[in-house]
Colleague: 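There's a structure below that I have some questions on.
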Amino acid sequence: MDHDNTDKPAPATPGVSRRGFITSVGTGAIGVAAAASLVSAAPPETQADVVAAGGMSSVSLVVNGRRHTMLVEPRWSLLYVLRDRLGLTGTKIGCERGECGACTVLIDGKARYACMTLAVEADGRDITTIEGLMTGEELGTTQQAFADEDAFQCGYCTPGQVMAAESLLRVNPSPTLDEIRQGMAGNLCRCGAYAHIFKAVAKAADLKRQGR
Amino acid sequence: MKPEDLYFWDGPLPETQAPTSTPEPWTETKVVGKPVTRVDAYDRVSGSAIYPSDVILPDMLHAAILSCPHAHAMVKKVDTSAAAKTPGVRAILVDGQVGANVPWYGGRSGFASRLFDPHCRYEGDEVAVVAADTIYQAWDAVRAIKVEYDVLPRVTTVAEAMKPTAPAVRDGGNVPQAPPPYSRGDVDAAFKTADVVLEHTFTTPCELHNPMELFGCVVKWDGPRLTVWESTQGVYAVQSTVARALNLPLANVRVIGHYMGGGFGAKLDTGKYSIMAALLAKKTGRPVRLFVSREEACRSMGNRPANTITLKAAAKKDGTLVALQSRVVGSGGAYSEGGTGGVDFVIRELYACPNVKCENQSAYVNAGPQRAFRAPGHPQGAWALEGMMDALAAKLGMDPVDLRLKNIALVSQSRNGNPPYSTTGFADCLREGAKTFGWADARRKPQAPAHIKRGVGVAGGMWQGGSGGPPATVIVKLFADGSANLNMGAADIGCGTKTWGAQIVSEELGVPLDRISIEHADTGTTQFATPSGGSKTAPTESPAIHAAAFDVKQQLMGMAAEQLKLPAADLELRGGEVVSKTDPAKKVALGQIQAFGRRGLLVGIGYRGMNPAGKAVNPFAVHFAEVEVNTRTGEVKVVRFLAAHDSGRILNLKTFQNQVFGGITMGIGFGLTEDRVMDDKQLGKVLSANLHDYKLPTALDAPADKTVVVVDLHDTFSSTGAKGVGEPATIPTAPAIANAVCHAIGVRLTDAPMSRARVLRALAAQKPAPASQKRGE
Ligand code: FES
Ligand code: FES
């Protein structure tokens, strides 16, 4: 839903904006190849083994700084592995088809939909989830800003929103309101907390600039 | 005490006893009303909050449902032999198996279906359910089940369903008995003599709740006892449905709903999934998680029925309304007769009008059943009524705010005996809102000669509920070290219930918020509470919390009075000390009250008393929108929004404002983007059963420039004076936008959502506007 009345191109923002995502892949139904291209611009793996359907392959995921080497079915999504295999349930599940953003995590520092990323594609990548923004029991800066600005109601979309904001701020430390809205457009909030989310992202940017 | 009448509760509600003592309303507050940060903010932003869909139990199985792909079909045969052999499958349930004969859809008055009814009346009716080691394996097995269907003729529109030749959705015909029309005065006579009469037909979309957390639960048996972690608005509602379906004692069903990811009315109901999960868990002896997919949620987990509303209105030259007549048509789907429920409430009630007649017609169709959706019927009714008021204002040459001010109602005209409202801030919302919005100037501002047209619009609304009432029982405990615990059955569905609850305890007992723990939404450990819905949680629970804290305080004062040898009436609680009002030198710290120290714990119980007899308690709202309409693309952009609300006392300004913004955002969806599209002419399937085709408002659709104006008339209908806000916040939004669009482009859209195609079509059909409407050109 583009409600920008001008025809100027959208400002560059990191991660997957809802609009950018949709225009790049057509509909919510997305092939593995397209998903792979979203994960990274790195050259494709040349020596990938062919795994029999239903067989398991070994992957090594670095999640929040910890390496997990495990067997996965080739069809398992990163979202499934994070939540159901590693027990990291801070990352939420809303649609499993790249439409809501509840599953947003950082892959090599960029916001990605974990439901649209196969675990085998994430092999060797550096993954950060909402749990990984904490320092011990202390909230990360962006998390603190979301808490202070009441940037949620039910809180179910919130981990995804925080990760999208984190990704935006790592690339653009001083986003304008328009850039914030574009950067957060890939994450739905049915409770409609958007106005407070915009404030929280601006506040997180402020805090980060002050070195917090 | 007679319990409140709740449209979403089937069966008698338990009565609570009358309060033994009721605290006086606060005059000034130190904590209540302040914009404090939520007490559970940390849990929600850290990822540590465990929502029901996050619950992982040892040895847990995962379940998936096979649902009917046809709009109308009879299941002839279900062959599970291949599915049973797929890897990881542990159990498959179909119709006819032990425990599966659970009546469904209906209530005490009878049921229309059962858990796996072979007569599938809409695309999504459940046929089988599978439990497997992983969710992927559960879906593999679902795909391996072979079902033979007898596909039946189907009907998905009300107009078709009402024809005598239509296929029967249900035994007994497609047309439930229409409720008797509502009538006061004599509309026919009034239409004959009025100065101005207008008639328009308005339509509204079928809106899907689509909470971000899906629908489902995790269940676990411990012998004869069942625990259910469910994403629900009301743990006690789930408890009673599950106990009924499985023939269990209530005491053996524990339902826990500490966190939940949104409901908006859809999670007032208990889903079949809870029963299926419990049966699968029983069969396998293992815990089971069953959450439906987004597609299933879009088809089966409720909706706001689409309505066609024909509204005729008459007024005198000076703007006095003299008659309103409505006819509302809608469908609650295959199983619910409530396709028009609540729509005419605002028509009957919002404006003073002596002659009103309202008729409703519902029909069963082969589509997913409706569920209560944030202010059932009201956004639809307001869409029609407030569009009509704008049209009347234009016809009469009056300002739309002035026309509304001319017709303020001070009594509840459609309730028996026409009781006055305890307070009505509707006029204040109009005046204060218009002033803060800069209405008069914005309305006159000349139009730029560009293809982007700007306009402003106003609309009002009220909610039929929002008064709260019994039953509610709350327990507050004060520990010897001065920390406290609040125990209540109500769910916090995102409205900040826990936070303002703690604020009330803090206000009354002087305990800092970080020393208050909360136990809530758990049938095993908390008191009965009705589900959180209908904007009644704050008005119902807040006086009970207040009374419970007050009970503790009175006990404490009694103990201090004895020790200080002063009358209790001379004492007050201040900063952790009990101090004499007349001689502040006489005081004792909480920790020094000996009787309290010996006891170690004080327990206070609070009950919700009745609302005053002979008064109607309702929240009111007025919304102001500024839009830009791109006349080349048809795009409507909401650029500025103001919401003026009379919800009585505000318990937390921050969460209140957030909830109003949320209501506005949902109203933007209703007015501009959301629409369940059905393939009426072909197969009767839902074409928008996902979040790509069903368009929820995004960060780009919600304006950043939003303002809330609080109108608080110090209502004393309860000790806290808090009325509801969740529903009123979304009632007037869409018509305010439509009226702004009309102001911008000079043409009235009567069909919601105002898609680009509709805007362009309306522009194309537009006759050259009369000179008086061409502002600034
Ligand atoms: S769950 Fe991944 S985008 Fe919705
Ligand atoms: S806070 Fe509920 S969906 Fe965003």
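Fair warning: this is a prediction, and the values are worked out from it, not measured in the lab. Numbered from 1 within each chain, the chains take letters A, B, ... in sequence-line order.
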Colleague: Please evaluate residues A/Asp84 and B/Arg289 with respect to the criterion side-chain contact (heavy atoms from CB on, under 4.5 Å), reporting the C-alpha separation (whole Å), side-chain torsions for both, the decisive distance (0.1 Å), and the verdict.
Modeller: CA-CA 11 Å; A/Asp84 279 16; B/Arg289 178 202 280 171; 3.2 Å; yes
Colleague: Counting only non-hydrogen atoms closer than 4.5 Å, does B/Asp140 touch chain A with its backbone (N, CA, C, O), its side chain (CB onward), both, or neither?
Modeller: side chain
Colleague: Mind checking the CZ-CD1 spacing from A/Arg83 to B/Ile135? Nearest 0.5 Å is all I need.
Modeller: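 So the gap between those two atoms works out to 11.5 Å.
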Colleague: At a heavy-atom separation under 4.5 Å, does B/Ser53 approach chain A through its side chain, its backbone, both, or neither?
Modeller: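 Both parts, heavy atoms under 4.5 Å.
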Colleague: So which part of B/Phe291 gets closer than 4.5 Å to some heavy atom of chain A, the side chain, the backbone, both or neither?
Modeller: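 No part of B/Phe291 comes within 4.5 Å of chain A.
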Colleague: Between B/Glu295 and A/Arg97, does any NZ, NE, NH1 or NH2 come within less than 4.0 Å of an OD or OE carboxylate oxygen?
Modeller: yes
Colleague: Only pairs of heavy atoms separated by less than 4.5 Å count here; which of B/Ile493, B/Asn690, B/Asn210, B/Leu214 has the most with chain A?
Modeller: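 Between B/Ile493, B/Asn690, B/Asn210, B/Leu214, the count favours B/Asn690.
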Colleague: What I'd like to find out is whether the side chain of B/Tyr136 reaches to under 4.5 Å of the side chain of A/Ser77, using heavy atoms alone.
Modeller: yes
Colleague: Between B/Ser293, B/Ala699, B/Gly261, who has the most heavy-atom pairs with chain A when the cutoff is under 4.5 Å?
Modeller: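 Counting heavy-atom pairs under 4.5 Å, the top option is B/Ala699.
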Colleague: With a 4.5 angstrom heavy-atom cut-off, is it the side chain or the backbone of B/Ile56 that approaches chain A, or both, or neither?
Modeller: side chain
Colleague: Could you give all pairs that pass the salt bridge (Lys or Arg N to Asp or Glu O under 4.0 Å) test and reach residues 652-675 of chain B, with sequence neighbours left out?
Modeller: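 Residue pairs passing salt bridge (Lys or Arg N to Asp or Glu O under 4.0 Å), neighbours aside: A/Arg190-B/Glu674.
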Colleague: Got a donor-acceptor contact below 3.5 angstrom from the B/Asp54 side chain to the A/Gly90 backbone?
Modeller: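 Checking the backbone N and O of A/Gly90 against the side chain of B/Asp54, no donor-acceptor pair under 3.5 Å is found.
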Colleague: Tell me, side chain or backbone of B/His62 under 4.5 Å from chain A's heavy atoms, or both, or neither?
Modeller: side chain
Colleague: Considering non-hydrogen atoms only, spot the tightest contact between B/Met212 and A/Cys157 and give its length.
Modeller: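 Heavy atoms only, the tightest pair is CG-CB, 4.3 Å.
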Colleague: If you count heavy-atom pairs within less than 4.5 Å of chain A, which of B/Ile50, B/Asn658, B/Ile664, B/Thr665 leads?
Modeller: B/Asn658
Colleague: Does B/Arg38 come within less than 4.0 Å of A/Asp148, counting only side-chain N to carboxylate O?
Modeller: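 No, B/Arg38 and A/Asp148 are not salt-bridged.
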Colleague: Within the side chain of A/Gln143, is there an N or O that forms a donor-acceptor pair under 3.5 Å with the backbone of B/Val45?
Modeller: yes
Colleague: For B/Ala49, what residues pass the side-chain contact (heavy atoms from CB on, under 4.5 Å) criterion, not counting sequence neighbours?
Modeller: B/Asp43, B/Tyr51, B/Tyr259
Colleague: Picking from B/Gly263, B/Ser48, B/Gly663, B/Ser46, which has the most non-hydrogen pairs under 4.5 angstrom with chain A?
Modeller: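 Heavy-atom pair counts peak at B/Ser46.
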Colleague: Less than 4.5 Å to any heavy atom of chain A: does that hold for the side chain of B/Arg632, its backbone, both, or neither?
Modeller: neither
Colleague: Write down the atom of B/Gly262, the atom of A/Cys154, and the distance for their closest heavy-atom approach.
Modeller: N-CB, 3.5 Å
Colleague: Taking B/Thr698's backbone N and O only, do any of them form a donor-acceptor pair with A/Arg181's side chain (distance below 3.5 Å, no angle check)?
Modeller: no
Colleague: Working to the nearest 0.5 angstrom, can you tell me the gap between B/Asp40 CG and A/Phe152 CZ?
Modeller: 6.5 Å
Colleague: Within residues 133-141 of chain A, which residues come under 4.5 Å of chain B, heavy atom to heavy atom?
Modeller: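 Interface residues of residues 133-141 of chain A: A/Met134, A/Glu137, A/Leu139.
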Colleague: Just how far is it from atom CG of A/Leu188 to atom CG of B/Leu696, taken to the nearest 0.5 Å?
Modeller: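 It is 5.5 Å, given to the nearest 0.5 Å.
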Colleague: Name the option with the most non-hydrogen atom pairs under 4.5 Å to chain A; the candidates are B/Gly47, B/Pro87, B/Gly662, B/Gly669.
Modeller: B/Gly662
Colleague: Relative to chain B, which segment of A/Tyr194 carries a heavy atom at a distance below 4.5 Å: side chain, backbone, both, or neither?
Modeller: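 Side chain of A/Tyr194 only, per the 4.5 Å heavy-atom cut-off to chain B.
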Colleague: Is it the case that the side chain of B/Arg294 and the backbone of A/Gly94 share a donor-acceptor pair, with hydrogens and angles ignored and the cut-off at 3.5 Å?
Modeller: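 Checked: pair present.
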Colleague: Where on B/Thr655 is there a heavy atom nearer than 4.5 Å to chain A: the side chain, the backbone, both, or neither?
Modeller: both
Colleague: Less than 4.5 Å apart, any side-chain heavy atom of A/Lys92 and any of B/Glu213?
Modeller: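 A/Lys92 vs B/Glu213: side chains apart.
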Colleague: Would you mind checking which part of B/Pro703 comes under 4.5 Å of any heavy atom in chain A, side chain (CB onward), backbone (N, CA, C, O), both or neither?
Modeller: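 Only the backbone of B/Pro703 comes within 4.5 Å of chain A.
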Colleague: By salt bridge (Lys or Arg N to Asp or Glu O under 4.0 Å), which residues pair with A/Arg85, not counting sequence neighbours?
Modeller: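 Partners of A/Arg85 by the salt bridge (Lys or Arg N to Asp or Glu O under 4.0 Å) criterion come out as none, since no residue qualifies.
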Colleague: Would one find more than 12 heavy atoms of other residues, nucleotides or ligands at under 6.0 Å from atom CD of A/Glu96?
Modeller: no
Colleague: Rounded to the nearest 0.5 Å, what separation is found between the CZ atom of B/Phe661 and the CG atom of A/Asp150?
Modeller: 10.5 Å
